[in-house]
Amino acid sequence: MSYVDDVLARVQEKNASEPEFLQAAEEVLESLRPVIEANEEKYRREALLERLCEPDRQFKFRVPWVDDKGQVQVNTGYRVQFNNSIGPYKGGIRLHPSVNIGIIKFLGFEQIFKNSLTGLPIGGGKGGSDFDPKGKSDREVMAFCQSFMTELCKYIGADVDVPAGDIGTGAREIGYMFGQFKRIRGSYEGVLTGKGLSYGGSLARTEATGYGLVYITEELLKDHGTDLKGKTVVVSGAGNVAIYAIQKAQQLGAKVVTCSDSTGWIYDPEGIDVDLLKEVKEVKRARLTEYKAKRPSAEYHEGRGVWQIKCDVALPCATQNELLLDDAKQLVANGVTAVCEGANMPTTLDATKYLQDNGVLFICGKASNAGGVATSALEMSQNSERLSWTFEEVDAKLQGIMKNIYHNISEAAKRYGMEGNYVAGANIAGFEKVADAMLAQGIC
Ligand code: NDP
Ligand code: 2IT
């Protein structure tokens with residue numbers, strides 16, 4: 001058996017109860033075949049892939065907190081420190097009832113390659129909890145965040161592991177966690193990113209993932225002789241990534257006609273009103289029915305359905321496995337040109353293959369949503385030098401990083417005879433730097 005097949009079999013056997021992690025590992029290892037085959041003997045002897053697929057360490061802990069009725073609640077917290085070959089562990093904290101160790105491992109694994117693609121010195125990690133911030137009071141969220149950080153603070157630090165936001169974790173949660181870290185450890189350091197601007201946050205971090213997604217999409221389209229101007233765009237999600245992707249796509253002249261949340265979706269043929277969407281989601285933390293109530297041009301539908309709307313470009317920005325094979329078929333039938341992932345692994349493996357086989361330009365999340373973590377790394381730099389850069393400076397760096405990522409993944413795919421396969425390109429380009437660092441640092 002080839003080395004890749006050997007490792008795939010072992011990973012499947014060891015992690016049988018973690019389907020999301022297996023899906024992520026399979027995508028990466030399959031893409032790496034040509035690279036591994038060129039160095040098969042050396043990589044096998046060094047157990048490079050086994051080491052890459054096994055986290056450095058993972059923490060699982062109890063998070064007790066008291067709700068507004070005086071009842072004690074107990075959640076489970078996780079932090080997976082996957083790989084720190086090229087820098088301190090870096091990756092978000094997901095707060096969602098679906099969170100389990102397999103989901104955190106898939107996200108941490110993806111983060112290794114994503115962070116490498118940014119060109120900045122950050123390793124891969126991820127954390128989270130099955131806590132659901134939805135419907136909780138600010139005090140309950142604070143109680144949870146303080147309890148979560150009371151344990152997490154033992155494992156993190158500005159040069160060790162630097163968490164940030166993800167689903168369910170935004171500026172409010174990061175603020176409460178930062179306060180608790182400071183209180184226990186007594187150290188004012190850049191231990192979290194996505195902080196508020198008054199205490200060490202970076203301008204443009206809030207916008208960065210969505211903006212970065214649109215910057216790389218524009219670069220992809222330009223490389224194929226077109227751009228976003230006048231295009232119809234379909235977006236899923238209505239959170240941090242979706243909102244700023246919609247905003248930037250509109251600034252570049254596209255018409256974005258959908259968004260969604262976990263209960264329903266909006267079709268707004270006149271184009272999404274971003275200010276209204278922000279008011280509904282960022283200020284009121286309400287459902288999309290409130291958007292519909294204030295926007296006569298919009299339709300609201302229960303359930304899922306954005307992928308049935310005819311579009312030129314699709315940007316999945318909600319969660320993993322939200323774009324399935326049937327959705328891909330519908331998008332292709334409707335003439336979609338490009339699909340770029342804002343979320344982590346939103347497209348299933350069979351849907352990805354269908355899109356690629358049918359000539360759709362497809363960029364996977366570890367490349368196209370890397371603008372968020374890249375700007376987190378810029379926040380770390382600013383914290384280290386105790387300075388803060390202007391919005392324009394950070395935004396210009398973000399644009400440069402996204403363009404570089406596009407050209408690097410494009411070039412890596414070409415180098416291995418897979419021109420236009422940006423999934424292979426992203427996995428290969430991300431892997432090369434990490435592999436080089438791992439080999440240089442000996443067996444660890
Ligand atoms: P938010 O919590 O701000 O928003 C998530 C959005 O997706 C909400 O509209 C939410 O709906 C919807 N959603 C979440 N889970 C589900 C689900 N199981 N089914 C249907 N809809 C769902 O998160 P972000 O925007 O930050 O994250 C979105 C995606 O982008 C995630 O995959 C995340 O890992 C990825 N990402 C985020 C980065 C960041 O900087 N924030 C960086 C890179 C990637 P509802 O409000 O109803 O829950
Ligand atoms: O998936 C991701 O890249 C994020 N949630 C952002 C991580 C970060 O450290 O900014």
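Both counts, for ligands and for their atoms, begin at 1 and track the order of listing.
- For the residue pair Asp68 / Ser137, a side-chain donor-acceptor distance below 3.5 Å is found, with atom types taken as modelled.
- Under a 4.0 Å criterion applied to the non-hydrogen atoms of His96, ligand 1 contributes the atoms 15 (N).
- Residue contact check: Thr319 has heavy atoms under 4.0 Å from atoms 15 (N), 16 (C), 17 (C), 18 (N), 19 (N), 32 (O) of ligand 1.
- Heavy atoms of Arg205 come nearer than 4.0 angstrom to ligand 1 in at least one pair.
- For ligand 1, one of its N or O atoms has an N or O atom of Asn344 under 3.5 Å away.
- If you number the atoms of ligand 1 from 1 as listed, the ones under 4.0 Å from a heavy atom of Lys134 come out as 45 (P), 47 (O), 48 (O).
- For the pair Gly165 and ligand 1, the shortest N or O to N or O distance does not fall below 3.5 Å.
- Below 30°, between 30° and 60°, or above 60°: for Phe144 and Phe131 the angle between ring planes is below 30°, a parallel geometry.
- Remark: the Lys366 side chain and the Asn427 side chain contain an N/O donor-acceptor pair separated by less than 3.5 Å.
- Once rounded to the nearest 0.5 Å, the distance linking NZ of Lys222 with CG of Leu228 reads 9.0 Å.
- In summary, the atoms of ligand 1 found under 4.0 Å from a heavy atom of Cys317, numbered by their order in the structure, are 28 (C), 29 (C).
- If you check each of Thr193, Asp166, Ile93 against atom 5 (N) of ligand 2, the one with the closest non-hydrogen atom is Asp166.
- Checked against Val306 for a side-chain contact (heavy atoms from CB on, under 4.5 Å), the options Val234, Ile266, Val257, Asp327 give a single hit: Val234.
- Under the 6.0 Å cut-off for aromatic ring centres, Phe82 and Phe106 do not qualify, their centroids lying 6.0 Å or more apart.
- Using modelled atom types, one finds a donor on one side chain and an acceptor on the other under 3.5 Å when comparing Gln111 with Asn115.
- Not a single heavy atom of Met345 sits under 4.0 Å from any atom of ligand 1.
- Scanning the protein heavy atoms around atom 6 (C) of ligand 2, the nearest turns out to be Arg205 NH2, 3.6 Å.
- Checking Ser297 against Asp268 by side-chain atom types alone, a donor-acceptor pair falls below 3.5 Å.
- Residue-ligand proximity: Gly165 is placed with a non-hydrogen atom under 4.0 Å from ligand 2.
- Within the 4.0 Å heavy-atom criterion, the part of Lys114 lying near ligand 2 is the side chain and not the backbone.
- The protein non-hydrogen atom at the shortest distance from atom 3 (O) of ligand 1 is Asn240 N, 2.9 Å.
- Closest to atom 7 (C) of ligand 2 among all protein heavy atoms lies Gly92 N, 3.6 Å.
- With a 4.0 Å cut-off on non-hydrogen atoms, Gln320 does not touch ligand 1 at all.
- Close N/O approach between Asp166 and ligand 1 is found [any backbone or side-chain N/O within under 3.5 Å].
- Only the side chain of Thr209 comes within contact range of ligand 1, with a heavy atom under 4.0 Å; no backbone atom does.
- Other residues, nucleotides and ligands contribute over 12 non-hydrogen atoms within 6.0 Å of the NZ atom of Lys278.
- Contact annotation for Arg287 and ligand 1: only side-chain heavy atoms (C-beta onward) come within less than 4.0 Å of the ligand.
- Ranking protein heavy atoms by distance to atom 4 (O) of ligand 1, first place goes to Gly239 CA, 3.2 Å.
- Taking only non-hydrogen atoms, the option from Gly125, Gly128, Gly108, Ser376 nearest to atom 10 (O) of ligand 2 is Ser376.
- Those atoms of ligand 1 with a heavy atom of Arg94 less than 4.0 angstrom away are 31 (C), 32 (O), 33 (C), 34 (O).
- Residues Tyr188 and Tyr199 keep their aromatic ring centres 6.0 Å or farther apart.
- The closest side-chain donor-acceptor pair between Asp161 and Gln81 falls under 3.5 angstrom.
- By the 3.5 Å distance cut-off applied to N or O atoms, Pro163 is not counted among the residues near ligand 2.
- Between Gly372 and ligand 1, not a single N/O pair is under 3.5 Å apart.
- Judged purely by distance below 3.5 Å, without hydrogens or angles, the side chains of Trp307 and Asp326 never pair a donor atom with an acceptor atom.
- Other residues, nucleotides and ligands contribute only 12 or fewer heavy atoms inside 6.0 Å of the CZ atom of Arg183.
- If you check the side chains of Gln441 and Ser85, you find no donor sitting under 3.5 Å from an acceptor.
- For the residue pair Tyr211/Gln247, the side-chain donor-acceptor check at 3.5 Å is satisfied.
- With hydrogens left out, the protein atom closest to atom 9 (O) of ligand 2 is Lys90 NZ, 2.7 Å, a heavy atom.
- For ligand 2, none of its N or O atoms has an N or O atom of Asn369 under 3.5 Å away.
- By the criterion of a heavy-atom distance under 4.0 Å, neither the backbone nor the side chain of Ala370 is placed next to ligand 1.
- Scanning the protein heavy atoms around atom 20 (C) of ligand 1, the nearest turns out to be Ser262 CA, 3.6 Å.
- Not a single donor-acceptor pair under 3.5 Å links the side chain of Lys126 to the backbone N or O of Val80.
- Heavy-atom distances between Gln111 and ligand 2 reach below 4.0 Å in at least one pair.
- Between Phe59 and Tyr155, the ring-plane angle classifies as parallel under the 30° and 60° cut-offs.
- Contacts between Ser260 and ligand 1 below 4.0 angstrom, taking non-hydrogen atoms only, involve the backbone exclusively.
- At the shortest separation from atom 14 (C) of ligand 1 among protein heavy atoms lies Ile167 CD1, 4.1 Å.
- For Leu107, no heavy-atom contact with ligand 2 is shorter than 4.0 Å.
- Within 6.0 Å of atom CG in Asp159, 12 or fewer heavy atoms from other residues, nucleotides or ligands are found, so the atom counts as exposed in its surroundings.
- Contact analysis leaves Glu110 out of contact with ligand 2, as no non-hydrogen atom separation drops below 4.0 angstrom.
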